[in-house]
Structures are given as C-alpha cells and as structure tokens.
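In the text below, chain A, chain B and the rest are named by the order of the sequence lines, each starting its count at 1.
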Protein chains: 2
Amino acid sequence: MARALAKKAETSTTLLEAAKKVLRQSGHSGLSTRDVAAAAGVPLSQIHYHFGSKQGLMLALFDYLNAQLLDRQNAMFHDSTLTLSQRWDRACDYLDEDISSGYVRVLQELIAASWSDPEVAKVVRAGLMGWFELIAGVARQAERELGGLGPFSTAEIAALIGGAFIGGESLYLLGAEKKGAPVRQALRRVGDAIRSAEAKSSTR
Amino acid sequence: MARALAKKAETSTTLLEAAKKVLRQSGHSGLSTRDVAAAAGVPLSQIHYHFGSKQGLMLALFDYLNAQLLDRQNAMFHDSTLTLSQRWDRACDYLDEDISSGYVRVLQELIAASWSDPEVAKVVRAGLMGWFELIAGVARQAERELGGLGPFSTAEIAALIGGAFIGGESLYLLGAEKKGAPVRQALRRVGDAIRSAEAKSSTR
DNA sequence: ACATAATTCGGTCGACCGACCGAATGCGGA
DNA sequence: TCCGCATTCGGTCGGTCGACCGAATTATGT
C-alpha cells in the first residue's frame with residue numbers, strides 16, 4: 001500500500017512536471033492531455049485516473065507551483081535583516097528567475113485560463129491572495145519605517161504592486177521589452193525610489 | 001463595384017463585431033469560427049473568404065478595436081487644458097468604461113493569445129507600443145510640470161504605468177476585487193498622489 | 001445585353017480533442 | 001496462498017474544430 005501510494009504520487013508529479021513543460025511550450029489552448037501524457041511517458045488515461053479531468057490537472061498544477069513559490073517568498077520576507085529596498089531588489093531577482101524557469105509563463109497562462117473558467121479562477125484567486133497579503137505585510141513595515149504611504153492604504157499598495165508585477169510579466173511574455181518598453185528595468189527603478197525614501201527617512 | 005465593396009466591408013465589420021462578442025463571452029480558446037459565423041448570422045465560409053483564417057480574423061479584430069481606443073485616448077491627451085491628475089482620473093474612467101463594454105476582456109484575451117502566436121504578438125505589440133508612446137509623452141509633461149520624475153526615465157514611467165494598467169485589468173478579470181484586492185481603487189489613488197505633487201509643485 | 005469578376009452559400013473532409021471503458025497488472029493484508 | 005483494491009494500460013467513441021471546395025448568386029463594366 002505504502003509502495004502503491006508512493007508510485008501514485010510519483011506518477012502524479014511526473015504528470016504535473018510534464019503539464020508544466022507543455023504549458024510553457026504551447027500555452028493553455030495548445031495543451032492537450034495527449035501531449036502531457038506523451039511528455040510524461042505515461043498512457044493518456046493516467047491523467048483522468050489521477051486528476052479526473054483536464055481541468056483537475058490544471059488546478060493541481062497551480063497548487064503545485066504556487067506552493068513552491070510562496071514558500072520561497074515567505075522565507076525571504078521573514079528574513080527581518082533585510083531593508084525594504086533589499087526586499088524589492090530580491091523580488092526583482094525572483095522575477096528574472098521565474099521568467100527563465102518558465103514559471104511566469106505557466107502562471108500567466110493559468111490566470112488567462114481562469115477568465116473563462118470559474119473553477120480555475122477560484123483556485124488561482126485564492127493563490128494570488130496569498131501574495132497580496134504578503135505584500136501588504138511588507139507595506140505595513142514600509143509604513144512604519146518610512147512614515148506613511150502617502151494617500152495609499154496597505155491593501156492599495158499591495159494591489160498596485162501586485163498588478164504592476166502581473167502586468168509586467170504579461171508584457172514581457174508579449175515581447176514588449178524587445179520593442180523598447182523597459183518593463184523589468186522600470187520595476188528595478190522602483191527599488192531606487194525606495195532607497196532614496198529610506199535615506200531621507202533615516203536622516204530625519 | 002462600389003456597392004460590392006460596401007457589402008464586403010459590411011460583412012467584415014459584422015464578423016468583427018460578432019468575433020468581439022464571442023471572444024468576450026467564451027475567451028480565445030473557446031472561440032470557434034462556427035460560433036462567430038453563427039453570431040454574425042453569416043455562413044462559416046465567409047470568415048475564410050474575408051480574413052483567410054481564424055488568425056486573420058483575430059489580427060483584424062485587434063486593429064479594429066485598438067484604432068478606436070487610440071483615437072479616443074489621443075483626443076484626451078491632446079486636450080492641453082487638462083492637468084496631469086485630471087488626465088489620470090480620465091484614464092481611470094476609461095478603464096471602467098472599457099471593462100463594462102467588454103473591451104478589456106477582448107484585449108486581454110488577444111494579449112494572452114499572442115504568447116503562443118508570434119504573428120498575433122507582432123500586431124498586438126505594435127498596437128500597445130502606441131500606448132506606451134502616448135504615456136511617455138504625458139510623462140514628459142509631468143517631468144516639466146512637477147520638476148523631475150525621481151529615478152525614472154519617461155520610458156520607464158510609461159512601462160510602469162502601462163504594466164500596472166495591464167496587470168490591473170488581468171486581476172480584475174480574475175475577480176480579485178471581489179476577494180478584497182482594491183485594484184481599480186489603488187489606481188485611482190495614484191491620481192491623488194499626483195494631485196499632491198501638483199500642489200507641492202505649484203506653491204514652490 | 002452580356003461577359004467577367006466578386007461575393008455568398010451549403011456541404012464535407014481529415015485531424016484532433018476529452019472522456020470513457022474493460023481488461024491486465026501489481027501490491028498489500030488475511 | 002489467495003483475495004481485494006489500487007493502479008496501469010491500450011483502444012475507442014462521440015463530438016468539434018479549421019480549412020477547403022464547387023456551385024450559385026450578385027454586382028460591375030462594356
């Protein structure tokens with residue numbers, strides 16, 4: 001039994017990794033269960049056995065990926081030795097990592113899929129809300145350290161930053177940077193702005 | 001001939017409007033040429049006659065929509081009686097309009113489609129670059145009126161604002177606002193921030 | 001009026017999809 | 001040992017898709 005369960009989990013993760021690979025290459029609309037099964041090297045019917053449906057596979061994939069990312073992000077934000085600007089720079093580093101690893105493509109595809117699928121939307125929304133709360137927590141830190149956030153509440157800051165990153169990812173995937181829109185560079189600059197706010201606040 | 005061309009153009013726009021409607025309801029992956037033809041009340045083969053392929057229809061649809069939006073936006077930004085904060089507020093108004101009219105959904109679907117289709121990406125990219133140049137122009141105005149943009153270049157400001165709006169739209173479609181992320185409210189607040197920068201600058 | 005070209009139309013073809021099925025296999029507990 | 005359950009497997013079914021075709025219809029120019 002234990003062995004059987006181990007085998008089951010193994011096949012599941014093999015399928016999830018394959019799904020990630022196919023999603024990265026072909027997008028959500030170009031993803032077929034046959035492609036995933038072929039990439040995983042298992043028969044087609046295994047997908048329906050383990051996940052019930054194509055949608056079930058997508059849902060499981062989002063949980064699988066988001067858990068990994070949130071773990072990493074939580075570790076970073078709980079490191080209290082970091083200043084705000086250092087955290088921001090680190091977030092930008094992570095964005096670069098996630099782009100080259102293919103995470104960004106997969107997550108954006110799942111977000112886009114959720115526009116048409118309420119079930120997927122529910123899961124993706126719940127996952128993203130974890131991010132917003134994380135950012136809002138840092139915003140509270142910023143409020144204390146920098147002395148106020150102007151007209152913004154912490155929830156609004158979180159929505160703004162989250163939106164800027166999501167939009168930046170979308171634009172990167174579109175290839176906007178190759179046409180002269182310095183998307184990631186602009187996000188990095190925000191770190192500079194935070195740095196000067198920190199300097200001003202510390203010499204106050 | 002003139003009559004035939006008029007008829008041809010009429011059928012084309014009928015198909016484009018139908019495509020917009022279907023795209024809004026079912027998303028890009030759920031859009032079939034049959035649905036579009038049925039919604040337009042014309043035979044299926046008309047799509048291939050007028051646009052060559054499904055992709056041709058998508059490309060034509062983007063041009064059709066983006067031309068309308070850019071016209072509106074150009075009119076707004078060329079009205080030199082508006083202050084920066086007024087322009088921002090207006091842009092937020094337009095966002096609300098475009099959400100309820102369905103434009104946002106269609107444009108986001110086309111952006112997502114472009115991640116998998118280089119041809120579509122080329123057209124969408126070119127269209128969005130028009131927007132970035134528009135925003136960069138306003139950023140130059142802001143640079144003069146407010147006296148500098150901190151660490152940001154005008155191109156970076158454009159990328160940041162464009163990304164924030166694109167990301168905000170994506171999050172809105174996801175339903176993030178219903179789960180407590182005040183996406184559009186946060187964008188409005190930026191207008192408040194601009195207002196206080198204007199006040200500070202004028203009393204200088 | 002007539003020839004020519006543009007447009008519209010119904011019908012169909014081959015390919016691909018997700019889902020499902022029943023049989024075969026592997027494994028643990030009695 | 002053998003039973004029962006979880007898992008794996010190949011195969012197929014009904015359905016949808018984009019693309020294409022040839023005929024019919026309409027408009028244009030002479």
Exercise. Would you say the side-chain atoms of A:Arg24 and A:Ser101 include a donor-acceptor pair closer than 3.5 Å?
Worked result: no
For this session: Please check the phosphate of D:dA6 (OP1 and OP2 only) for any side-chain N or O of A:His50 closer than 4.0 Å.
Result: no
Exercise. Does A:Glu97 offer a backbone N or O that forms a donor-acceptor pair with the side chain of A:Ser100 under 3.5 Å?
Worked result: yes
For this session: Please tell me which of the listed nucleotides, C:dC9, C:dA6, D:dC9, lies nearest to the side chain of B:Tyr49?
Result: C:dA6
Exercise. With A:Arg90, which residues qualify under salt bridge (Lys or Arg N to Asp or Glu O under 4.0 Å), at least two apart?
Worked result: none
Problem set entry | Side-chain donor/acceptor of B:Gln46 to backbone N/O of B:Ala37, under 3.5 Å | no
Exercise. Once each nucleotide of nucleotides 11-21 of chain C is scored for protein heavy atoms under 4.0 Å, what B/S/- sequence comes out, 5' to 3'?
Worked result: -B----BBBBB
Exercise. Do you see a donor-acceptor pair shorter than 3.5 Å between the side chains of A:Glu17 and A:Tyr64?
Worked result: yes
Problem set entry | Whole-Å gap separating P (D:dT8) and CD (A:Gln46) | 4 Å
For this session: In plain terms, say whether A:Lys122 and A:Asp117 are close enough for a salt bridge, that is, a side-chain N and a carboxylate O under 4.0 Å apart.
Result: no
Seminar exercise, completed: Winner on side-chain proximity to A:Thr11, out of C:dT8, D:dT8, C:dC9, is D:dT8
Problem set entry | For atom CD1 of B:Ile47 and atom P of C:dG10, their distance in whole Å | 14 Å
